[in-house]
Amino acid sequence: MALIVQKYGGTSVGTVERIEAVAKKIKARRDAGDAVVVVVSAMSGETNRLVELAKAVQERPDPREFDVLVSTGEQITIALLSMALKEIGCPACSYTGSQVHILTDNAHNKARIKEVDGARVRADLNQGKVVVVAGFQGVDEHGNITTLGRGGSDTTAVALAAALSADECQIYTDVDGVYTTDPRVVPEARRLEQITFEEMLEMASLGSKVLQIRAVELAGKFNVPLRVLSSFEEGEGTLISIEDDSMEQALISGIAFNRDEAKLTILGVPDQPGIANQILGPVADANIEVDMIVQNIAEDTTTDFTFTIHRNDYAHALEIMQKTSAALGAREVSGDDKIVKVSLVGVGMRSHAGIASTMFSTLAQEGINIRMISTSEIKISVVMDEKYLELAVRALHSAFDLEES
Ligand code: ADP
Ligand code: ASP
Ligand code: MG
C-alpha cells in the first residue's frame with residue numbers, strides 16, 4: 001500500500017463533470033489499496049473572479065480581507081469533490097487549510113507554510129477515507145486565514161506530502177507533464193520524462209508557471225518525489241527528481257519566459273559609494289521585488305542604473321524613482337513596462353561553452369534586440385521587447401533542437 005498525495009488544478013476541476021471524472025480516478029486509486037490525500041484548487045476562473053471582486057471594492061485590497069475572500073474558491077471545490085466521491089461510494093471527508101492545521105506566517109497573500117500537522121489526515125486515512133484538502137490556504141498563529149500566492153495549491157500538496165512522508169506527490173493538470181517550453185507557445189515542445197529539482201526550480205522562478213516555485217523548493221528540501229501528470233489522459237508525466245539518470249544529459253532542458261516584466265533606468269546619477277543602496281533601498285522598503293540589476297561603467301562622474309521589477313509594481317516604482325532622482329540630482333528616469341524575459345535552463349550548461357553565443361546569434365538572426373542579459377551556472381536570461389517573445393522562444397527552441405528527443 002502506498003500513500004499518495006494528488007493535486008488537481010483549476011481546469012481539472014473546472015466543471016461538475018470534471019469533478020465527477022476526477023472522483024472516479026481517485027476512487028480507482030483507493031480501491032487498488034492506496035491511501036489517497038487530495039488537494040484541490042478553485043474551479044478554473046474562480047480565483048480570478050474573486051480577485052476582480054476585491055479590486056472593484058478596494059483598489060489595493062486589504063491583505064487580510066483579501067485572503068478571507070480568495071480562499072473561498074477552494075472551499076467550494078473540496079465540498080463538491082467530497083460529495084462526488086461519496087456519491088460513487090468512496091468514503092471521503094473535506095477539510096479547509098486551517099482544519100488540518102496548515103500553519104503559515106502572517107504574510108497575507110504570499111504566506112509561507114511553517115508547519116503541517118498530519119494527525120487528523122492520518123486518522124481519516126486509517127479509517128479508509130479519502131482526505132480532500134483545500135489548496136492555497138493556511139492559517140497564521142492567531143487564527144487568521146492566509147493564502148500562499150497564485151498557484152499555491154501545488155505548495156499545499158507538497159507540504160502535505162512531506163508532512164505525511166508520502167510515497168509520491170502527483171500534480172494533475174491540463175498538460176501531461178513538464179515540457180521543454182510552454183506548449184501553448186511552441187506546439188512542437190517535447191515532454192520531459194525527468195527533470196532535476198534544480199532545473200525545475202530555475203524554470204519555475206524564470207516564469208514557467210506549471211509548478212509554483214515554492215512547491216519545487218519544498219519538494220527538493222524534503223526530497224518528495226514529485227510528478228506532473230494530466231488529469232485528462234493516462235501517461236507517465238514528468239518526474240522531478242534529484243538526479244537525472246537518463247543516459248545522455250541534454251545541454252538545455254527548457255526555455256522559460258516571463259511576460260510580467262518592467263524595467264526602470266535612472267540616468268546620470270552621481271557615481272559614488274552607496275548609490276545602489278540609495279536607489280534600491282526605497283524600492284525594497286515599498287516591498288517591491290527587484291530582479292535584474294545593471295549598473296553601467298561611469299564615463300564621467302555619473303552612471304546609469306537599470307533594474308527590472310514585476311509589471312504590477314511599475315507605476316509605484318516609477319513614482320519612487322522620480323523622488324529618488326530628484327533627491328540624488330540625477331538627469332532623468334526612463335522606464336518600459338512592455339518587456340519580457342526569455343531564459344535558457346539546463347544543468348548541462350555547467351560543462352559547455354558556446355551556449356550563450358548560439359543564443360545571441362539566434363536572436364540576432366531574427367532581428368531581436370537584447371536589452372539586458374543575466375547569467376548563472378545553469379541559466380542565461382535575456383530581456384527584450386514583448387512583441388518578440390513568441391518569435392524568440394520558437395527560434396531558440398529550434399536552434400537548440402529541443403523538439404527532438
Ligand atoms: P493548474 O490550474 O492545473 O495548476 P496551471 O495553469 O497552473 O495549471 O499550469 C499548467 C499550464 O502551465 C499549462 O497549461 C501550460 O500552458 C503552462 N506551462 C508553462 N510552461 C510549461 C512547461 N514548461 N511545461 C508544461 N506546461 C507549461
Ligand atoms: N486557486 C489559486 C490560483 O488560482 C491557487 C491554485 O490554483 O493553485 O492561483
Ligand atoms: Mg497552477
Side-chain angles (χ1 to χ4, degrees), residues 4-12 39 41 135 150-158 161 166 168-259 341-349 378-381 389 393-394 396-398 400-405:
I4 308 292
V5 176
Q6 299 188 333
K7 176 256 170 177
Y8 292 91
T11 351
S12 303
V39 173
S41 290
R150 297 307 300 264
S153 299
D154 297 337
T155 304
T156 306
V158 173
E168 191 165 283
C169 181
Q170 305 174 333
I171 306 290
Y172 282 97
T173 181
D174 55 5
V175 271
D176 63 345
V178 178
Y179 276 66
T180 46
T181 193
D182 190 339
R184 287 188 214 194
V185 170
V186 183
E188 300 78 27
R190 181 173 48 87
R191 180 175 61 84
L192 302 164
E193 304 235 314
Q194 279 191 24
I195 183 169
T196 64
F197 284 118
E198 197 183 10
E199 288 169 311
M200 193 62 235
L201 195 58
E202 283 286 359
M203 292 277 281
S205 33
L206 295 167
S208 298
K209 289 175 185 146
V210 60
L211 284 174
Q212 202 199 31
I213 306 170
R214 186 73 188 124
V216 185
E217 225 169 61
L218 268 185
K221 185 169 166 192
F222 293 100
N223 201 7
V224 176
L226 189 60
R227 196 180 285 277
V228 175
L229 305 131
S230 165
S231 68
F232 294 80
E233 50 190 280
E234 295 297 314
E236 291 296 296
T238 300
L239 179 69
I240 295 122
S241 58
I242 296 182
E243 289 283 327
D244 185 343
D245 54 16
S246 45
M247 291 287 278
E248 213 156 317
Q249 177 66 56
L251 275 187
I252 305 294
S253 298
I255 303 174
F257 52 82
N258 189 350
R259 300 178 195 267
K341 182 169 72 177
V342 175
S343 311
L344 292 181
V345 176
V347 289
M349 255 185 234
I378 66 163
K379 71 119 203 274
I380 307 173
S381 299
L389 178 94
V393 175
R394 287 191 195 126
L396 291 169
H397 199 270
S398 131
F400 286 96
D401 294 327
L402 292 179
E403 60 279 353
E404 282 156 30
S405 49

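All values below were derived from every heavy atom in this structure, side-chain atoms included, with hydrogens, water molecules and symmetry-related copies excluded.
Interatomic distance, Ile213 CD1 to Met200 CE, rounded to the nearest 0.5 Å: 10.0 Å. Residue Leu201 holds its CG atom at 9.0 Å from CG of Leu206, rounded to the nearest 0.5 Å. For the atom pair CD1 (Ile195) and OH (Tyr179), the distance works out to 13.5 Å, reported to the nearest 0.5 Å. Ser343 OG to Leu396 CG: the interatomic distance, rounded to the nearest 0.5 Å, is 10.0 Å. Rounding to the nearest 0.5 Å gives a distance of 14.0 Å between CD1 of Ile240 and CD of Glu198. Expressed to the nearest 0.5 Å, how far NZ of Lys7 lies from OG of Ser153 amounts to 5.5 Å.
In this structure, the side chain of Ser208 does not engage the main chain of Val210 through any donor-acceptor pair within 3.5 Å. At distances below 3.5 Å, not a single donor-acceptor pair connects side-chain atoms of Arg394 with backbone N or O atoms of Val186.
Counting only heavy atoms from C-beta outward, the side chains of Ile255 and Phe400 never approach each other to under 4.5 Å. Inter-residue side-chain proximity for Leu192 and Arg190 is flagged as met; some heavy-atom pair is nearer than 4.5 Å. Counting only heavy atoms from C-beta outward, the side chains of Ile242 and Thr196 never approach each other to under 4.5 Å. No side-chain heavy atom of Thr181 sits less than 4.5 Å from a side-chain heavy atom of Leu402.
When all heavy atoms are compared, the tightest approach of Cys169 to Ala161 is CB-CB, 3.8 Å. Residue Val5 comes nearest to Ala157 through the heavy atom pair CG1-O, 3.6 Å, listed as atom of the first residue, atom of the second, then distance. The two residues Phe257 and Leu389 make their nearest non-hydrogen contact at CB-CD1, 3.6 Å. Among all heavy-atom pairs drawn from Ser398 and Glu403, the shortest one is CA-OE1, 3.7 Å. Here the closest non-hydrogen pair linking Leu229 and Gly235 is CD2-O, 3.4 Å.
Under the 4.0 Å criterion applied to side-chain N and carboxylate O atoms, Asp154 and Lys209 are not assigned as salt-bridge partners.
A search for side-chain hydrogen bond (donor to acceptor under 3.5 Å, both in side chains) contacts involving Thr180 returns His397, not counting sequence neighbours. Partners of Gln212 under the side-chain hydrogen bond (donor to acceptor under 3.5 Å, both in side chains) rule, at least two apart in sequence or in another chain, are Thr155.
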Under 3.5 Å, side-chain donor or acceptor atoms of residues 219-228 against the rest of the protein: list the pairs with distances, not counting sequence neighbours.
| residue | atom | partner | partner atom | Å |
| --- | --- | --- | --- | --- |
| Arg227 | NE | Glu168 | OE2 | 3.1 |
| Arg227 | NH1 | Glu236 | O | 2.9 |

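Applying the side chain to side chain donor-acceptor pair (under 3.5 Å) test between Ser12 and each of Ser230, Ser231, Ser41 identifies Ser231 as the sole match.
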Evaluate side-chain contact (heavy atoms from CB on, under 4.5 Å) for Glu193 paired with Leu239, printing each intermediate quantity in order.
-> CA-CA 6 Å; Glu193 304 235 314; Leu239 179 69; over 6 Å; no
